[in-house]
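The shown structure was predicted, so the numbers you read here are calculated from the model rather than taken from an experiment.
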Amino acid sequence: MKHSTTQQTRRGHRGGPARQLGRTLALVLPVFLVLSGTLAVTRVNWSGDPSDSVLTATDVSAGKGRNAAPRAPQDVLRDQLLTELQEKNPGVALTHLQQAVDERPSLTRHCASIARALGRAAVRVYGPTRAQSYARPVCDTAFASGVAAAHS
C-alpha cells in the first residue's frame with residue numbers, strides 16, 4: 001500500500017496544478033509579449049507629425065489620405081521647425097535644425113533649403129530686422145539669405 005501512495009505523490013508533482021500553470025504560462029507569455037510589443041510599435045508616432053499622435057499599422061504608409069505618399073524626412077523636419085519658429089522663435093528652430101543635421105547626416109543636403117524656408121517664415125512672423133537678428137551660421141548663411149530674399 002505504501003508503494004501506491006508514493007507513486008501517486010510522484011505523479012501529482014509531475015502533473016499538478018502548479019506544473020500545469022507553469023506550462024500554460026510558458027506557452028501564453030511569449031505570445032502575449034510579442035503581441036503587446038507589436039501593438040506598442042504601431043502606436044509610436046513615427047511620422048514626426050505632432051497631429052498624428054496615435055497611428056495604426058495601416059496609417060504608417062498612408063499618411064493623411066489613403067493614396068498619399070509617405071512624407072520625406074526633410075519635409076517632416078521643415079514643417080516641425082516652421083511650427084517651432086512660430087511657437088517659440090527662430091533661434092530655437094535653427095538650433096534644432098543643426099541638431100537634426102548632426103544626428104542624421106542624410107539631411108545635410110536639405111539643410112540650406114530648410115534654413116532658407118525658416119528665414120522667409122521668420123520675416124513673415126517677426127519682420128525683417130528682428131528676423132535677421134536670429135541669423136547664425138547654420139547651414140552656412142542660408143537662413144540670412146532666406147531673410148534677405150523675403151525682404152526684397
task = Indicate the atoms forming the closest heavy-atom contact of Val138 with Cys111, along with that distance.
result = CG1-SG, 4.5 Å
ask   = What are the two closest non-hydrogen atoms of Gly91 and Tyr134, and how far apart are they?
value = N-CD2, 3.5 Å
ask   = Could you give the distance from OG1 (Thr129) to CD (Gln132), rounded to the nearest 0.5 Å?
value = 9.0 Å
query = Looking at CG of Leu85 and CZ of Arg124, how far apart are the two atoms once the value is rounded to the nearest 0.5 Å?
reply = 9.0 Å
task = Using side-chain hydrogen bond (donor to acceptor under 3.5 Å, both in side chains) as the criterion, point out the one residue from Glu84, Gln80, Lys88 that pairs with His96.
result = Glu84
query = So, for Cys139 and Gln98, which heavy atoms are closest and what is the spacing to 0.1 Å?
reply = N-OE1, 4.2 Å
Nearest heavy atoms of Arg78 and Ala117, plus distance in Å = CD-CB, 4.1 Å
query = For Tyr126 and Ala131, which heavy atoms make the closest approach, and how far apart are they?
reply = CB-N, 4.2 Å
key: Joint hydrophobic cluster, Leu94 plus Val92, side-chain heavy atoms closer than 4.5 Å   = no
inquiry  = Quick check on the hydrophobic clustering: are Leu82 and Leu77 connected, directly or via other members, by side-chain heavy-atom contacts under 4.5 Å?
reply    = yes
ask   = Once you round to the nearest 0.5 Å, how far does CG of Leu81 lie from CD of Gln74?
value = 12.5 Å
ask   = Between the side chains of Thr95 and Arg136, does any donor sit under 3.5 Å from an acceptor?
value = yes
request  = Please name the pair of heavy atoms, one in Arg116 and one in Ala142, separated by the smallest distance, quoted to 0.1 Å.
outcome  = CG-O, 3.2 Å
query = With a 4.5 Å heavy-atom cut-off, do Leu118 and Pro90 have their side chains touching?
reply = no
